[in-house]
Amino acid sequence: MILCVLFTNRAGNVLLERFHGLPAEERLHWRSFLVKLTAENLKTARDDEVFVASHKSVFIVYTVIGDICIFAVGKEVYDELALMEVLNAVTSSVKEVCRKDPSERLFLEKYGKVCLCLDEIISQGALEHTDKDRIRRLTRLKPLAE
Amino acid sequence: MASLPPALKKDDDIDDDSEYSPFYGIEKSAVLQEARCFNDRELDARRCAQVITKLLYLINQGETFTKNEATDVFFATTKLFQSKDIGLRRMVYLMIKEISPSSDEVIIVTSSLMKDMNSKTDLYRANAIRVLCRITDGGLLGQIERYLKQAVVDKNPVVSSAALVSGIHLLQSNPEIVKRWSNEVQEAVQSKAPLVQFHGLALLHQIRQNDRLALSKLVSGLSRGTVRSPLAQCLLIRYTCQVISELGPNSQTGDRPFFDFLESCLRHKADMVIFEAARAITEMSGVTSRELTPAITVLQLFLSSSKPVLRFAAVRTLNKVAQTQPLAVANCNIDMESLISDQNRSIATLAITTLLKTGNESGVDRLMKQITNFMSDIADEYKIVVVEAIRSLCLKFPQKYRSLMNFLSNILREEGGFEYKKAIVDSILILIREIPDAKESGLSHLCEFIEDCEFTYLSTQILHLLGNEGPKTSDPSKYIRYVYNRVILENATVRASAVSALAKFGAVVEGLRPRILILLRRCLYDNDDEVRDRATLYLSLLSDEPDAAQDDAKAFLFQDLDVPLENLEKSLELYEPSERPFDLAAVPKDTKPRHQTEKKAPTSKEKKAAKDASKKSAEGGASNTFEAYEKLLNSIPMFAGFGKLFKSSAPVALTEEETEYAVNVVKHVYPGHVVLQFNCTNTIAEHLLENVNVAMDLIEGEDFNQVATNPLASMPCGVTGQAFVAFEKPEGACSLGKFSSTLRFYVKEVDPSTGDADEDGYEDEYQLEDLEITAADYILKAGVSNFRNAWESLDSESERVDEYSLGTRESLQDAVQAVTTILGMQVCEATDVVPSNARSHTCLLAGRFLGDTQVLVRLSVGIDSQKQVAMKLAVRSEDPSVSDIIHEIINS
């Protein structure tokens with residue numbers, strides 16, 4: 001299960017989040033846990049640098065592109081390696097949507113598109129699509145290239 | 001950023017105009033107002049899409065809509081199906097999923113979605129499937145099942161994936177429907193599209209997970225074929241492991257089925273697959289070093305990968321292997337050491353804890369040096385892991401206690417939260433207990449620590465230890481200053497602990513007593529009553545001159561309560577204030593109070609209820625405890641003169657499951673009597689049993705003499721009742737015996753429709769299985785907190801050692817299990833678990849024998865290559881004759 005995908009700015013403020021299979025009361029805890037756990041690393045992180053951690057039975061991979069930090073949290077089948085597939089799909093799609101490493105403002109301007117991409121990548125906690133070109137077409141309801 | 005309330009999301013800290021958010025100042029009411037444009041006759045697709053984006057943003061920011069607002073938005077959104085704009089349609093699909101309409105509203109959108117589901121445009125179909133499956137209930141699902149089945153095998157991979165992923169979710173709520181798709185899913189697994197294969201395999205496994213044969217066929221089919229998607233290949237490896245663990249190795253060749261497949265996956269081109277295979281191999285039960293080597297080798301290569309995720313995955317897997325097979329990982333030590341300086345602290349921590357497990361004694365000092373530098377820049381969570389690893393290392397190499405203890409005391413002085421400090425203090429306490437040489441330096445470190453400790457819990461724990469151990473050291477006086485400082489400087493809880501610790505010094509060290517008395521007198525003026533009370537009590541104890549009085553004081557201060565606190569608490573709750581003082585001796589000492597079976601099932605005519613009730617009784621699942629048994633027995637006058645109940649056994653079934661009458665027995669042992677409690681359940685709705693009693697004949701043994709029976713008056717269907725039989729036996733003796741037993745009763749026919757019983761009936765009987773009174777019935781499970789200390793405190797003269805051959809056994813675990821079951825004693829320090837592949841093992845057992853005599857057992861077993869098991873049994877007891885009895889039990 002992919003438990004959570006979270007976008008924050010570099011200061012740790014949440015911009016967009018998707019939780020799956022986590023009760024609402026635990027979400028706040030997860031949000032602050034992720035931000036706290038990773039703050040130190042993200043301070044000096046380079047673009048596209050990937051970080052990984054585990055906490056109890058849960059895995060966390062995260063990265064930063066432009067002003068945006070992206071976290072993916074999963075368990076069971078979605079261990080650190082499977083989560084990398086998720087994170088790669090998400091980062092490449094976000095870059096595609098924003099056309100470059102996004103600033104915070106650009107990201108918010110493309111908010112609707114990013115939501116659509118996430119909807120294609122993750123369906124109720126399961127990975128559905130990974131290819132950025134396909135995701136891009138799907139969000140526009142354009143047929144797949146043959 | 002300790003917490004992040006939803007309100008403090010993006011909008012609150014916008015101060016730079018040039019970078020303001022497009023959602024700056026967004027308000028729910030305004031957006032809802034804007035959403036009215038969804039109802040316009042001429043739809044402006046662009047504007048509608050913008051409003052949906054705003055709504056999505058609001059939902060995501062934790063904004064909630066009232067029921068009416070949500071309904072309005074939902075209805076308005078459904079109007080957008082009229083638009084032909086495909087960008088807007090995609091947003092509409094997402095919006096409907098986000099609003100998740102209530103079941104009575106879904107109907108509004110069903111027809112539009114059904115239309116899209118049959119559309120010629122593939123992507124309309126895919127999205128409609130996803131939305132419908134998300135919002136639909138079982139009823140509607142039946143109607144669209146046909147389309148979904150078709151979609152599973154659709155030639156467009158997007159449609160197929162949408163149906164498969166939806167199937168994975170629907171399986172939780174409507175398994176019977178999804179299970180009917182089995183053939184289509186099977187076809188999808190053969191798809192050329194990698195992700196379809198991945199989703200298909202995941203769904204097929206879930207459908208068939210309870211069918212071992214089907215699973216095995218699935219795995220053997222796919223492991224020979226070509227799986228295109230690395231993700232699917234990883235799943236296949238997981239499922240293969242499941243099959244391997246169920247099949248076990250081939251009994252003739254010793255080969256593991258599918259092992260070749262796993263090994264071939266180690267050469268796969270996708271890293272993900274290589275890892276999954278390596279992990280699978282390392283986690284196989286009883287893995288041999290030959291099987292392990294190739295997996296360790298590939299993992300070692302990944303330790304120096306440039307990708308942090310791969311390094312992490314490799315070190316995490318090796319860390320796990322090191323827990324059980326440190327030698328297998330030792331080859332990777334050099335690569336592992338270079339990871340200590342890894343930028344990623346998770347990787348560094350895992351590397352260090354692995355090294356602590358695999359390193360040898362000579363490398364400890366070097367390793368500690370490296371760790372010291374590392375500790376200052378990691379979070380508490382990681383530090384705790386390191387501290388725990390260091391504790392295990394110290395126990396492994398006790399000679400190295402100096403450097404390890406120094407390390408622990410150094411980090412104890414640094415900043416840190418409670419959990420971290422507690423982990424360090426716990427480690428030092430364990431080292432003090434296990435390594436006698438480390439005691440004095442450990443105590444000094446702890447003394448320093450409490451001088452500046454902000455955690456009351458830790459201070460009191462340390463003061464307790466100082467009171468117990470300090471007086472036995474070479475120079476007890478040096479600790480007094482630290483203890484008394486607590487009385488001056490700390491809060492009431494710590495002060496009270498300090499007063500108790502001081503008193504212990506006074507009781508044991510005669511030379512210090514006058515000075516301790518002076519200090520205690522000062523505590524009489526404390527402003528907390530607990531501190532004053534303790535000081536008063538200890539002063540009066542210690543001021544008594546005669547030696548005998550001092551011995552009493554010592555006994556009072558140092559004696560353990562000797563009863564589990566849980567039981568004491570329960571007994572105190574049950575105690576009603578009266579003339580009769582509370583009797584500490586009456587508190588049960590059994591650590592896991594035996595469960596009682598008198599819980600009555602609801603009066604139901606159903607057979608099932610009766611069966612459940614009998615099952616519950618058999619498992620001892622009822623929540624009543626030893627005290628409840630005691631209460632029950634005390635309420636029966638004929639057992640009142642038997643004295644104090646010593647032990648009640650777990651219920652033993654005397655009938656097979658699914659029989660007409662379910663009977664189990666609980667054996668209650670008194671010093672001179674044994675009472676058998678038969679819990680009987682009638683499962684025949686047409687029968688009412690009356691005057692139910694149990695006739696017993698002694699088959700083996702001579703000591704038992706039947707003295708009383710207490711029949712059960714009436715036994716309707718589904719109600720569990722008790723009949724009792726009591727035997728006399730020699731006082732205090734461990735009498736063994738075997739009985740045959742028959743249930744005798746009077747049967748009356750019952751009309752199931754009315755529940756009325758006939759007036760007349762007939763006598764009948766029902767043969768029960770034989771029951772035995774075994775030695776374990778006379779031994780109470782009573783653990784000790786520190787086995788080593790308890791063992792040494794018992795007279796070595798009482799020790800009886802003998803060796804036994806246990807014949808051929810499947811494993812050492814098997815042998816340990818068998819002996820511990822026979823003796824019925826408490827396993828200490830979790831020593832009942834034998835590490836896999838161990839050739840020898842020692843299990844520690846503790847208990848109390850009838851008459852409340854403590855008995856301890858050290859059980860050492862070894863196994864040779866022919867699986868012959870030899871056992872050495874050393875027993876110590878407060879009464880040497882009990883040690884002999886334990887050996888007699890094993891001999892018999």
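Here is how names work: the chains are called A, B, and so on, in the same order as the sequence lines, proteins then strands, and each is numbered from 1.
Contacts between A/Arg134 and chain B at a heavy-atom distance below 4.5 Å involve the side chain alone, from C-beta outward. Looking at A/Leu83, neither its backbone nor its side chain comes within 4.5 Å of chain B, counting heavy atoms on both sides. A/Thr44 does not touch chain B: none of its heavy atoms, backbone or side chain, sits under 4.5 Å away. Contacts between A/His29 and chain B at a heavy-atom distance below 4.5 Å are absent for every atom of the residue. Heavy atoms of A/Ala39 lying under 4.5 Å from chain B are absent altogether. Interface remark: A/Phe19 contributes no atoms to any contact with chain B (heavy atom separation under 4.5 Å). No part of A/Asp131 comes within reach of chain B, as not one of its non-hydrogen atoms sits under 4.5 angstrom from that chain. With a 4.5 angstrom heavy-atom cutoff, A/Thr139 touches chain B only via backbone atoms.
Judged by distance alone, the side chains of B/Tyr93 and A/Asp119 never bring a donor and an acceptor atom under 3.5 Å apart.
Every pair passing side chain to side chain donor-acceptor pair (under 3.5 Å) that includes a residue from residues 160-172 of chain B is listed here, sequence neighbours excluded: B/Ser161-B/His199. For residues 85-94 of chain A, no pair satisfies salt bridge (Lys or Arg N to Asp or Glu O under 4.0 Å), with sequence neighbours left out.
From A/Leu138, atom CG reaches atom CZ of B/Arg90 across 7.5 Å, with rounding to the nearest 0.5 Å.
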